[in-house]
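Numbers restart at 1 for each chain; the letters A, B, ... are given by sequence-line order, proteins then strands.
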There are 2 protein chains.
Amino acid sequence: MNPVALTIAGSDPSGGAGLQADLKAFHAHGAYGEAVVTLLTVQNTRSVSAVEVLDPAFVLRQIDAVIDDIPPHAAKTGALGSAAVIEAVASRARSFAFPLVVDPVMVSKHGAPLMADDAVDTFVRSLLPCAHLVTPNLAEASRLARIEVRDADGMERAARAIAALGARHVLVKGGHLDGDAMDLLWSDGRATCLRAARIASTHTHGTGCVLSASITARLAHGEPLVDAVAEAKRFVRTAIERAPGLGGGCGPIDLFAPVSPVRDRPANTPRS
Amino acid sequence: MNPVALTIAGSDPSGGAGLQADLKAFHAHGAYGEAVVTLLTVQNTRSVSAVEVLDPAFVLRQIDAVIDDIPPHAAKTGALGSAAVIEAVASRARSFAFPLVVDPVMVSKHGAPLMADDAVDTFVRSLLPCAHLVTPNLAEASRLARIEVRDADGMERAARAIAALGARHVLVKGGHLDGDAMDLLWSDGRATCLRAARIASTHTHGTGCVLSASITARLAHGEPLVDAVAEAKRFVRTAIERAPGLGGGCGPIDLFAPVSPVRDRPANTPRS
């Protein structure tokens, strides 16, 4: 039986990011995907030309319809758009009986705002404490921790500060630092560095979405967090290497990349 | 290189139908999926409790953004909602340089209207002539052909009438007739019957979406129409047999079912 994974995210019609990419990553990892829509965009690999955030009541109705009928084994959030949607999602996330991965999407790869400025405080206060794992990049970690993050030390300080705000585990993604691509996982009071040689590529559209979706799918299978993060990162890295070169801008990565088998699944969790 | 397939369809957050199921079917068939949103629903396997049709201008902007940047090798339409959205989609479909599969979705499995009553005439006049293939079930075929379809003879008469309205090829799905599950493909002035033993199952949520999406993905790979239809039908049949039993109502089918290799791909079309 395949486990169930839920994304609560925005739509990218070009398919490289957002709920479209999440559903592909879930499927690639053998999880049945559900997708609640929070906002709609007009975008392609070159630009985001429109963002329309949905009414929070409509987002809630979608969440309730899905969770009541086919409860997921793990869920993630992506772009949420407004403080009202964040508050609505958090109101349900408080009682989720499954791990929630929170990707604190603030701006698109092209700089389009996907979380209103006044929404960051709401996010920190209401949704962050519901996160089993939160996956900020450097800019998002700086904003959440109120620390300017410029190096590995800063990443650890930011991760510790974000954990103190209530997130259970924190993955700070260092992709934009110089040198090797280094991510830092803060978990149970301990930092683990995940290093990989940098790949020079402009085709990185949706990498954050795919990473958090892949972790979510692996958690849905019952994989321990550290393994889920390491294997999801390996998947994304291969997907970047194999990027098909679609589009005239920052193109999508290859979600047909090979997926490592899920490790150490406890006997009583769903099978893939 | 994986070919690109586009769906222009509504959202089913529970993941069994709509653009969510289309993206999974595309991925299962090795096609890169794009998904333009036409309408949003609140639904699960038990009921559809809300339908919100998008502004046609917003649908058009999504189509233009996607087609300009990552042109697909094949596309499909699903639920379109209003006459205005149908008109908008048709205005672009007239100049599509790739085959378009039109699933003339009129009502959901639970009876929720997904095409306004006054939209059927618009559909027949504007979108049907753009269809490389149209895939009505018996009720939809009756409505489009203005013939009450009750048996195989009626299916052939309806298919012929729908072809006369401008669709290049017509697949009338006989799933709701008594006896074996028989579909009729009308192509180049000839009827081909596709028969399969009936499967008794309540888990058939999204079968129409998955069938048309699977055909679309196979056309994107360059497979000839008759093979694409036959193999997509085989995939859906296996997916019904393997339905995971999710949800309290009409549950989703298993999109992890095996996919037959694409046949007879001409040398100059994209490889899977």
Side-chain angles (χ1 to χ4, degrees), chain A residues 1-2 4-8 11-16 18-28 30 32-37 40-50 52 54-55 58-70 244-249 251-252 254-256 272, chain B residues 1-2 4-8 11-16 18-28 30 32-37 40-50 52 54-55 58-70 244-249 251-252 254-256 272:
Chain A
M1 181 84 177
N2 303 87
V4 177
L6 165 66
T7 180
I8 302 171
S11 158
D12 168 8
S14 70
L19 66 90
Q20 283 85 346
D22 291 345
L23 287 167
K24 296 176 194 181
F26 290 165
H27 195 87
Y32 174 88
E34 303 178 311
V36 163
V37 187
L40 299 167
T41 71
V42 173
Q43 72 175 284
N44 56 30
T45 69
R46 292 185 296 238
S47 68
V48 177
S49 57
E52 296 212 352
L54 301 195
D55 179 55
F58 194 82
V59 175
L60 275 188
R61 290 180 66 188
Q62 293 177 76
I63 294 175
D64 292 344
V66 163
I67 302 244
D68 285 353
D69 190 45
I70 307 181
L246 296 173
D254 180 21
L255 299 192
F256 297 105
S272 69
Chain B
M1 181 82 178
N2 303 87
V4 177
L6 164 66
T7 180
I8 302 171
S11 158
D12 169 6
S14 71
L19 67 90
Q20 283 85 346
D22 291 345
L23 287 168
K24 296 176 195 181
F26 289 165
H27 195 87
Y32 175 88
E34 303 179 312
V36 163
V37 188
L40 299 167
T41 71
V42 173
Q43 71 175 286
N44 56 31
T45 68
R46 291 185 297 239
S47 69
V48 177
S49 57
E52 296 210 353
L54 301 196
D55 178 56
F58 194 82
V59 175
L60 275 189
R61 290 181 67 187
Q62 293 178 75
I63 294 175
D64 292 344
V66 162
I67 303 241
D68 285 353
D69 190 45
I70 307 182
L246 295 173
D254 181 22
L255 300 193
F256 297 105
S272 68

Notebook entry, point to check: In terms of heavy-atom pairs under 4.5 Å with chain B, which of A:Leu246, A:Val37, A:Leu23 leads?
Noted result: A:Leu246
Notebook entry, point to check: Considering only heavy atoms, which portion of A:Ala21 lies under 4.5 Å from any heavy atom of chain B: side chain, backbone, both, or neither?
Noted result: neither
Note to self: Please classify the contact between A:Ser49 and chain B as side chain, backbone, both or neither, with a heavy-atom cut-off of under 4.5 Å.
What the structure shows: both
Notebook entry, point to check: How far does CG of A:Asp64 sit from CG of B:Asn44, to the nearest 0.5 angstrom?
Noted result: 10.5 Å
Next item on the list: Could you grab the distance from atom CD of B:Gln43 to atom CZ of A:Arg61, nearest 0.5 Å is fine?
Entry: 12.0 Å
Notebook entry, point to check: Side chain, backbone, both or neither: which part of A:Ser11 has an atom under 4.5 Å from a heavy atom of chain B?
Noted result: side chain
Notebook entry, point to check: Between B:Leu40, B:Asp12, B:Asp68, which residue shows the highest count of heavy-atom pairs closer than 4.5 Å to chain A?
Noted result: B:Leu40
Next item on the list: Could you look at B:Val36 and say if it's the side chain, the backbone, both or neither that has a heavy atom under 4.5 Å from chain A?
Entry: both
Checklist line | Straight-line distance of B:Tyr32 OH to A:Lys24 NZ, nearest 0.5 Å | finding: 4.0 Å
Notebook entry, point to check: What residue in A:Gly251, A:Pro244, A:Gly248, A:Gly33 has the most heavy-atom pairs under 4.5 Å with chain B?
Noted result: A:Gly33
Next item on the list: With a 4.5 Å cut-off on heavy-atom pairs, point out which of A:Asp69, A:Asp254, A:Ile70, A:Val42 contacts chain B the most.
Entry: A:Asp69
Note to self: Distance check, rounded to the nearest 0.5 Å: B:Thr41 atom OG1 versus A:Phe58 atom CZ?
What the structure shows: 6.5 Å
Margin query: Heavy-atom pairs under 4.5 Å with chain A - which of B:Gly249, B:Ala65, B:Gly16 has more of them than the others?
Written below: B:Ala65
Next item on the list: Supply the atom-to-atom distance B:Gln20 CD to A:Leu19 CG, rounded to the nearest 0.5 angstrom.
Entry: 6.5 Å
Item checked: Atom group of A:Ile67 that falls short of 4.5 Å from chain B, counting heavy atoms -> neither
Check: Do B:Leu54 and A:Glu52 come within less than 4.5 Å of each other through their side chains, counting heavy atoms only?
Finding: no
Note to self: Which label fits A:His27 and B:His27: parallel for a plane angle under 30°, tilted from 30 to 60°, or perpendicular past 60°?
What the structure shows: perpendicular
